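Only one structure is covered here, and it is reproduced in the block below.
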Amino acid sequence: MSRLERYNPLVIFIYFMLAIFIVMFSMHPVIICISFIASFALSLKLEGVIKIAKSLIYILPMIIIITLTNPLFVHKGATELFFINGNAITLEALIYGLAVSLKLSSIIYWFRVYSYIMTSDKVVYLFGKVSPRLSLVLSMSLRFVPLYVKKFREADDATRALGGYATSNIKDKLLAKLHVFSIVFSIAIEGAISTSDSMSARGYGLGKRTNYHNFKWLWTDTITIIVVIILGVLTSVIMALGYSDFDYYPLIDSIQSSALSVVSYISYLSLAVAAVAVEIKEGVTWHILKSRI
Amino acid sequence: MAYIKIEDLTFKYNDAKSYALSNINLDVQKGDFVLLCGKSGSGKSTLLKMLKREITPKGDKTGSINIDDLDINQLDSKSSASKIGFVQQNPDNQIVTDKVWHELAFGLENLAVTPSQIRLRVSEVSEFFGITKWYHKSTSELSGGQKQLLNLAAIMAMNPDILLLDEPISQLDPIASIEFLQSVRRINTELGVTVIMSSHHLEDIFAMSSKVVVMDSGAIQIDGTPATVAEKMQDMQNHAVYSGLPTPVRMYHGLDKGGVCPLNVKESREYIASHITKSKSRLMQQDQSGITSMENVIEVSNCYFRYNRNGRDIISGANFTVKKGIITAILGGNGAGKSTLLKAMAGVVKPYAGSINVCGKNIKSYKGSSLYKGLISMLPQDPTLLFSRSTVREELESAKPLRDDPQIIPNEQLTQLLDIEYIMDMNPHDISGGEAQKVAFAKILKLNPSILLLDEPTKGLDPSAKKVLADILLSLKGSGVTIVLVSHDVEFCSMYADICSMFFDGGIVSESDARGFFTANSYYTTASARIAKGFFDGVVTTSELIAMARHCI
């Protein structure tokens, strides 16, 4: 189990939302680079080399395609490299394309890690914070979706074994599937009646419910969430004030080095690499503990 | 003073003509373990539902039910919900949430118990029932036995005083059933919870209970301790529940030698030992050599199958042949892959290696539904998978024979034989598990197949329905139909199957005629064989046991 998984889901949720939103609203190359490197490293640490290598199969072509197509459609920019059909292909547009593609890939990696850590019971818990009723509905849906997917497969097998699929043409297949669907539908209705019996037999609907979960809130969660919010808000405020604006057209800006800009780079850097740093620290601690045994 | 006192209880469902319960009078003491038996539709479920206010069906009800001198309608809603627990038949439909831990907490959440108290209660129950290993799992990953155990534990988390169980083990395999029953027994003996359970499988429960109630058409026929009920049933050998009585009891009746009625295998062996006069005896084996020379209808050779690429092989290197015109049974543990093998023979799942021949032709060469046109039909494990119409009648009418040969059993006779006439106008999803099994079987028979594949055909059936099923199978066999059944029901297979095969670890490990199969096994065999072992070798069924014992005593 990774360290991140042990944080309270609320901390995880806020951390990822801040890390993702900041890069979403920024075109600054420093922010994008930090975001890309941090999210890629975190993915690599949590999901392993093989899965990330597989992800490159679609990430790399995406980067190349966006980088190359942007200059084909956008002809702004001062530095002309060459002309195609009388349209200028500019260096600025090329760089802008690269920045957009890296930003997009970094968001993809953030979400990959997010869905890896945020298992369904954590999502149910988070919903419970907003609306306990909604969270129960979510939990029940997470129960019956796999149940009826399985029933559908079984009903399909049963129909097939009774010669329900007369021929293999599309019309017959569709009719058979429709039949299977009606079977599963009636099973689901009947199941819902038993389930509601089982719910009322266990006192559902008697009044106010409590919302039980397996998650604890520790002092480390308090500290982490405070630090995360400070870093996130600091970066966002400086960004909103325009200290890390960055223009690609007509000429690429130089990277600002005013005090506030640097503060925003550092605070986002700290935020973005915090997750992977925590993971690496955990690994090292384990290693030391193991070598002592 | 009785703890639960039912007086003159009569009940009629809203749109029914006859009474579901009539004049029920029953006293249950605190800490009793009450077993309700009776054939399907005798009112067991209705009676249990009467005791649980939240799920009492709508209808005309007269009479009274008192718990601890308080009418159940006067209980406050919280204690009615928590003090009386109810476990239903179908393990799947009772589960509400997606995670095991959440399911355990569900009832307590409804009672607005604080999370810290819930944590304590849930952890206690989880330890008591041995759920801790799969506490964090999703409920969809559990086996049927685990699901039912979870349902029981989720009820027990609410600390009930009374536990009502409506045929809780009818959908479980024998191993899971025993595990479940042991948990119920612990709840009764270690926690002193009053248990009322209905069941068709009396073999293990009978001796466990402190009171047995036999019901018939909505009325109580006999009630008393297991021993007194066993004695009273001696003259009622045509009663619907009789053939479901434990083997020791039927043996005791058959021998008619008096003394204390044995209730389990150990007591039965002692009973025989103390009465036996002649020395060891052996039942003459019938000559089964005729079977091996019969024509092969299905040949499975060296088959491999897995559900997904990275999964394990469910079938690995299976070799299996089915002879024409006989009943072949495949037995084996739960989740071993028996059903998958049956599906492969029905052409529903396709092995990735090996071949299956049906009537000498590779199964792949049957195009479209030609394999199913009067040739093969399969009864799935879950009978409701076949139902899509609004009444049983329409359901049966929708099944058209797929071949022109005359129907082996005419339709009118079929519904009468299976005793499903009384449910013809009901919704097929409203009937009990055993009734659904019978309707599905009738539907399959209407297709008039020459090879019949049955997955757990006796699941949920009461003893008299099993007998009817057996009679039908035997008459089908008589008219040349080949029958393959996958079953956990050792007693049923021992009585009616010609060939029994044991499926284990992806393939068939042993195969022989039923007698050879069950006498060679020491664990996976009938109660009669276990009782007879060492006294009368070769005995498999109860009637053989009685005949041999009579001869030697």
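Since the structure is predicted, the reported quantities are computational estimates derived from the model, not experimental observations. Numbered from 1 within each chain, the chains take letters A, B, ... in sequence-line order.
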> Side chain, backbone, both or neither: which part of B:Pro115 has a non-hydrogen atom closer than 4.5 Å to chain A?
Replying inline: both
> Where on A:Leu206 is there a heavy atom nearer than 4.5 Å to chain B: the side chain, the backbone, both, or neither?
Replying inline: side chain
> For chain B, which of A:Ser139, A:Ser120, A:Ser198 has the most heavy-atom pairs under 4.5 Å?
Replying inline: A:Ser139
> Counting heavy-atom pairs under 4.5 Å to chain B, which of A:Ala155, A:Gly207, A:Ala201 comes out on top?
Replying inline: A:Ala201
> Is any side-chain N of the basic residue among A:Asp157 and A:Arg153 closer than 4.0 Å to the acidic one's carboxylate O?
Replying inline: no
> B:His429 versus chain A, heavy atoms under 4.5 Å apart: side chain, backbone, both or neither?
Replying inline: both
> Between B:Glu109, B:Gln381, B:Glu54, which shows the greatest number of heavy-atom pairs under 4.5 Å with chain A?
Replying inline: B:Glu109
> With respect to chain A, which residue among B:Ile95, B:Thr384, B:Asp382, B:Leu386 yields the maximal number of heavy-atom pairs within a distance under 4.5 Å?
Replying inline: B:Ile95
> Pick from B:Val113, B:Val349, B:Leu111: which one has the most heavy-atom pairs with chain A under 4.5 Å?
Replying inline: B:Val113
>> A cation-pi test, strictly: NZ or CZ of A:Arg3 under 6.0 Å from the centre of the six-membered ring of A:Tyr7 and no more than 45 degrees from its axis. Yes or no?
In response: yes
>> Does this structure show an ion pair linking A:Glu154 with A:Lys151, if we count only N-O contacts that are shorter than 4.0 Å?
In response: yes
>> Taking every non-hydrogen pair under 4.5 Å, which of B:Ile84, B:Val96, B:Asn90, B:Ile55 racks up the most with chain A?
In response: B:Val96
> Most heavy-atom pairs under 4.5 angstrom with chain B, which of A:Lys150, A:Met199, A:His213?
Replying inline: A:Met199
> Are B:Asp92 and A:Arg143 ion-paired here, with the side-chain N under 4.0 Å from a carboxylate O?
Replying inline: yes
>> Any heavy-atom pair between the side chains of B:Thr97 and A:Leu136 that's under 4.5 Å?
In response: yes
> For chain A, which of B:Met158, B:Arg119, B:Lys443 has the most heavy-atom pairs under 4.5 Å?
Replying inline: B:Arg119
>> Under the side-chain contact (heavy atoms from CB on, under 4.5 Å) test against B:Ile444, which residue among B:Leu453, B:Leu379, B:Val439 passes?
In response: B:Leu379
>> So does B:Glu394 get a backbone contact from the side chain of B:Thr391, meaning a donor-acceptor N/O pair under 3.5 Å?
In response: yes
> Can you say whether B:Tyr135 sits under 4.5 Å from chain A via the side chain, the backbone, both, or neither, judging by heavy atoms?
Replying inline: side chain
> Using a cut-off of under 4.5 Å for heavy-atom pairs, which of B:Ser138, B:Ser390, B:Ala112 has the most such pairs with chain A?
Replying inline: B:Ala112
>> Under 4.5 Å from any heavy atom of chain A, what part of B:Gln88 do you find: side chain, backbone, both or neither?
In response: side chain
> For A:Asn169, does its backbone N or O pair with a side-chain atom of A:Asp172 as donor and acceptor, under 3.5 Å?
Replying inline: no
> Can a salt bridge be assigned to the pair A:Lys45 and A:Glu282 using a cut-off of 4.0 Å between side-chain N and carboxylate O?
Replying inline: no
